Amino acid sequence: MSAAEILGGTHIVPVVVIDDPDAAVPLARTLLDAGLRAIEVTLRTPDALAAIRDVAAEVPDILVGAGSLRTPRQVEDVREAGATFGVSPGSSPRLLDAVEAAGLAFVPGAITPSESLALLDRGYDLQKLFPANIAGGVAYLKALGSPLPEVRFMPTGGIDADNAADYLALGNVACIGGSWVAPRDLLADRDFDAIRNIAAAAASLVNSD
Ligand code: 3PG
């Protein structure tokens with residue numbers, strides 16, 4: 001299945017940085033409780049892979065993705081850990097070859113129309129736009145919609161409770177991602193009540209998450 005199919009109906013993807021591997025499972029349960037159905041664990045900390053493995057094994061009802069994918073080796077590792085989908089801020093031929101060989105549903109990143117078209121040529125109609133707010137935000141995505149009608153975007157980077165609804169309102173936005181739902185400091189404090197409140201507010205922005 002493609003990432004667009006796997007994430008179909010999922011509108012909000014919390015992007016998380018895991019410093020404490022024991023926090024991943026309670027975090028995933030908290031997000032599910034709050035009405036969200038996906039989590040993207042970024043490959044930026046030593047415990048990210050263990051977190052993906054634990055969530056995949058212990059919280060099967062959540063879609064667990066691996067974020068910040070950059071190398072073919074990481075693709076193999078996250079596939080083996082049980083990731084349901086992968087996300088990258090960009091793409092390279094080597095990375096695309098690796099995700100296709102591994103059969104990993106993948107959301108590659110694009111910022112320019114040429115990057116989007118190259119990915120579309122390879123069948124990726126769901127693409128990440130990162131860093132969304134710096135790349136031009138809502139206005140930029142709106143402008144891309146008309147000449148690139150086949151592309152659906154997952155903007156991330158600078159999205160928060162204040163602007164999430166503006167992104168979600170765009171016809172070419174399939175889902176949004178961001179760390180505002182489960183910020184690193186709240187995770188460090190294991191403040192799952194606070195995270196549940198933020199996640200529930202995010203889930204209330206859409207009715208099918
Ligand atoms: C990502 O990997 O998508 C971003 O780090 C998320 O960006 P944010 O921290 O601004 O939400």
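Since this is a predicted model, take the numbers as computed values, not measurements. Whatever order the structure lists them in is the order used to number ligands and atoms, beginning at 1.
Per-residue contacts place K128 under 4.0 angstrom from the following atoms of ligand 1 (heavy atoms of the residue considered): 1 (C), 2 (O), 3 (O). Atoms of ligand 1 lying under 4.0 Å from at least one heavy atom of V15, given by number and element, are 1 (C), 2 (O). Ligand-side atoms of ligand 1 in range of G178: 11 (O), range being under 4.0 angstrom from any heavy atom.
In this structure the side chain of V107 never reaches within 4.5 angstrom of the side chain of E40, judged on heavy atoms. Between D77 and L43 the shortest side-chain heavy-atom distance does not fall below 4.5 Å. When side chains are defined from C-beta on, R122 does not count as touching S91, because their heavy atoms never get closer than 4.5 Å.
Nearest non-hydrogen protein atom to atom 6 (C) of ligand 1 is G157 N, 4.1 Å. Remark: minimum distance from atom 4 (C) of ligand 1 to any protein heavy atom is reached at F130 CE1, 3.5 Å. For atom 11 (O) of ligand 1, the closest non-hydrogen atom of the protein is S179 N, 2.8 Å. Remark: minimum distance from atom 10 (O) of ligand 1 to any protein heavy atom is reached at G158 N, 2.8 Å. Annotation: atom 2 (O) of ligand 1 to nearest protein heavy atom, R44 NH2, 2.4 Å.
In terms of polar-atom proximity, defined here as any N/O pair under 3.5 Å, T42 makes no such contact with ligand 1. Remark: ligand 1 and T156 share an N or O pair separated by less than 3.5 Å (distance only, no angle test).
The only member of V64, I39, I18 that meets side-chain contact (heavy atoms from CB on, under 4.5 Å) when paired with I52 is V64.
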Would D97 and R94 satisfy salt bridge (Lys or Arg N to Asp or Glu O under 4.0 Å), going step by step from the backbone distance to the final call?
CA-CA 5 Å; D97 289 346; R94 244 163 47 94; over 6 Å; no
Trace of the side chain to side chain contact (heavy atoms under 4.5 Å, CB included) decision for L49 with V78:
CA-CA 7 Å; L49 266 185; V78 303; 3.9 Å; yes
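Using modelled atom types, one side-chain atom of E115 and one backbone atom of I111 make a donor-acceptor pair closer than 3.5 Å. A donor-acceptor pair under 3.5 Å is formed between the side chain of T71 and the backbone N or O of Q74.
The closest approach between any non-hydrogen atom of M154 and ligand 1 is not below 4.0 Å.
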